[in-house]
Amino acid sequence: MCGTKNLSCGDCGVTNCNLGDKSYPAFCLTTHLDEKIKEEAMAAYNEPDNHNVMVQAADVEYEGYGRLTRVEETIEFAKRMGFKKIGIATCVGLIRETRMLTKILRHHGFEVYGIGCKVGAQPKTSVGIREECCAVGANMCNPILQAKLLNEAKTDLNIVMGLCVGHDSLFYKYAEGLTTTMVVKDRVTGHNPVAAIYNAESYYQKKLFK
């Protein structure tokens, strides 16, 4: 563990930035912001595309708060944005869920174009992955190719369905279209990674703090 800590929002138990009904902690980023960076960020919201995303997202949050599921919120957001073509970057292990999502999205009038993570059927060893890793599948996940194919398809919105840690990062890096996440992979908890956090002081304590 580091001897010194650079405290940030990850250490905050106050969140006065939300309602302004408490006091900011001494290390609060809000009270120590570089004003130039803040101004640059705020100016970016004036760009038409960014402004539209923020307005529509806020409306969906407000009108569906505690009422709409993530699937419903995504559909509502896409409709309000005027999106027509939705891409799905899916883990092949969630192809059943992706097929159902595709059916739902098409029912709501969207064109859907899905790309599985094993697209291209490239051996893991072809990119220098060690042979032992082939024990859980010989072919590599290919998030960069997924992104490039969805870019080529000119999707309006991309949905990530359970890509592996790191693979999802590469997809976000190379995807040109706006991207949201529907499923976060966690094979142990049934794709509910926050379960480990909820149990970090009980059942999972020894595993997470070993």
Side-chain angles (χ1 to χ4, degrees), residues 44-124 126-127 137-187 189-194:
Y45 293 116
N46 292 325
E47 296 176 20
D49 288 347
N50 295 341
H51 180 262
N52 195 26
V53 168
M54 290 298 291
V55 169
Q56 303 306 334
D59 283 349
V60 170
E61 178 193 21
Y62 168 69
E63 294 175 20
Y65 203 91
R67 184 176 64 84
L68 297 182
T69 64
R70 179 82 179 195
V71 172
E72 291 171 303
E73 285 187 336
T74 301
I75 291 168
E76 187 62 26
F77 173 72
K79 285 181 177 179
R80 292 176 184 232
M81 289 293 296
F83 293 154
K84 304 298 182 186
K85 191 170 188 178
I86 297 180
I88 302 178
T90 184
C91 168
V92 295
L94 281 97
I95 200 67
R96 180 180 177 184
E97 292 82 352
T98 293
R99 288 176 65 193
M100 179 54 69
L101 179 61
T102 297
K103 183 178 180 180
I104 293 168
L105 292 172
R106 285 177 176 158
H107 172 77
H108 285 272
F110 297 105
E111 180 182 354
V112 184
Y113 195 64
I115 308 290
C117 61
K118 302 295 184 180
V119 64
Q122 287 291 118
K124 289 179 178 176
S126 68
V127 293
N139 287 338
M140 63 180 277
C141 295
N142 206 329
I144 296 177
L145 183 55
Q146 285 178 292
K148 287 184 174 294
L149 290 174
L150 291 179
N151 293 344
E152 188 178 62
K154 299 188 184 308
T155 52
D156 298 311
L157 177 70
N158 297 320
I159 296 174
V160 169
M161 287 284 287
L163 299 186
C164 296
V165 173
H167 298 158
D168 54 359
S169 303
L170 285 175
F171 179 82
Y172 298 133
K173 181 177 180 178
Y174 284 90
E176 294 173 356
L178 204 63
T179 300
T180 190
T181 302
M182 184 66 69
V183 178
V184 179
K185 175 175 286 167
D186 190 327
R187 299 178 182 89
T189 65
H191 310 307
N192 179 28
V194 77

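Counting from 1, the numbers follow the sequence of the chain as shown.
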Counting only heavy atoms not in [X] (residues, nucleotides, ligands), do more than 12 fall under 6.0 Å from its [atom1]?
| X | atom1 | result |
| --- | --- | --- |
| H108 | NE2 | yes |
| F83 | CZ | yes |
| K84 | NZ | no |

Is any side-chain heavy atom of [X] less than 4.5 Å from a side-chain heavy atom of [Y]?
| X | Y | result |
| --- | --- | --- |
| I88 | I115 | no |
| M140 | S126 | yes |
| Q56 | D59 | yes |
| I159 | L105 | yes |
| Y174 | L145 | no |
| H191 | V184 | no |
| I75 | V71 | yes |
| P143 | Q146 | yes |

### Query
Closest heavy-atom contact between I86 and T155?
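Nearest pair, atom of I86 first, then T155: C-CG2, 4.1 Å.
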
### Task
Heavy atoms only: give me the nearest C117-C91 pair and the separation to one decimal.
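So the two residues come closest at SG-CA, 3.7 Å.
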
Counting N and O atoms only, with roles assigned by atom type, does the side chain of [X] sit under 3.5 Å from a partner on the main chain of [Y], one being a donor and the other an acceptor?
| X | Y | value |
| --- | --- | --- |
| E63 | V60 | no |
| N151 | A147 | yes |
| T102 | T98 | yes |
| T69 | E72 | yes |
| K118 | V92 | no |

### Query
Can you list every pair that meets salt bridge (charged side-chain N to carboxylate O under 4.0 Å, His left out) and has a residue in residues 85-98, with sequence neighbours left out?
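Matches after skipping sequence neighbours: K85-E111.
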
### Message
Enumerate the salt bridge (charged side-chain N to carboxylate O under 4.0 Å, His left out) contacts for residues 144-164, please, sequence neighbours excluded, ordered by first and then second residue.
### Response
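Applying salt bridge (charged side-chain N to carboxylate O under 4.0 Å, His left out) to every pair that reaches into residues 144-164, excluding sequence neighbours, yields nothing.
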
#### Entry: Pair Q122-C141, side-chain contact (heavy atoms from CB on, under 4.5 Å): steps then yes or no
CA-CA 8 Å; Q122 287 291 118; C141 295; over 6 Å; no

Could you tell me the separation between the [atom1] atom of [X] and the [atom2] atom of [Y], rounded to the nearest 0.5 Å?
| X | Y | atom1 | atom2 | value |
| --- | --- | --- | --- | --- |
| H51 | Y45 | NE2 | OH | 11.5 Å |
| I95 | M100 | CD1 | CE | 13.0 Å |
| K124 | N139 | NZ | CG | 8.5 Å |
| N52 | M81 | CG | CE | 4.0 Å |

### Query
Just checking, any donor-acceptor pair under 3.5 angstrom between side chains of D186 and T189?
yes

### Message
The criterion is side-chain contact (heavy atoms from CB on, under 4.5 Å); which residues satisfy it with Y172, sequence neighbours excluded?
### Response
V160, D168, T179, T181

#### Entry: Test log, rule side-chain contact (heavy atoms from CB on, under 4.5 Å), inputs F77 and E73
CA-CA 6 Å; F77 173 72; E73 285 187 336; over 6 Å; no

### Task
With side-chain contact (heavy atoms from CB on, under 4.5 Å) as the test, would you mind laying out the steps for I144 and F171 before giving the verdict?
CA-CA 6 Å; I144 296 177; F171 179 82; over 6 Å; no

### Task
Just do the side-chain contact (heavy atoms from CB on, under 4.5 Å) check on V165 and K185 with the steps written out, would you?
CA-CA 8 Å; V165 173; K185 175 175 286 167; over 6 Å; no

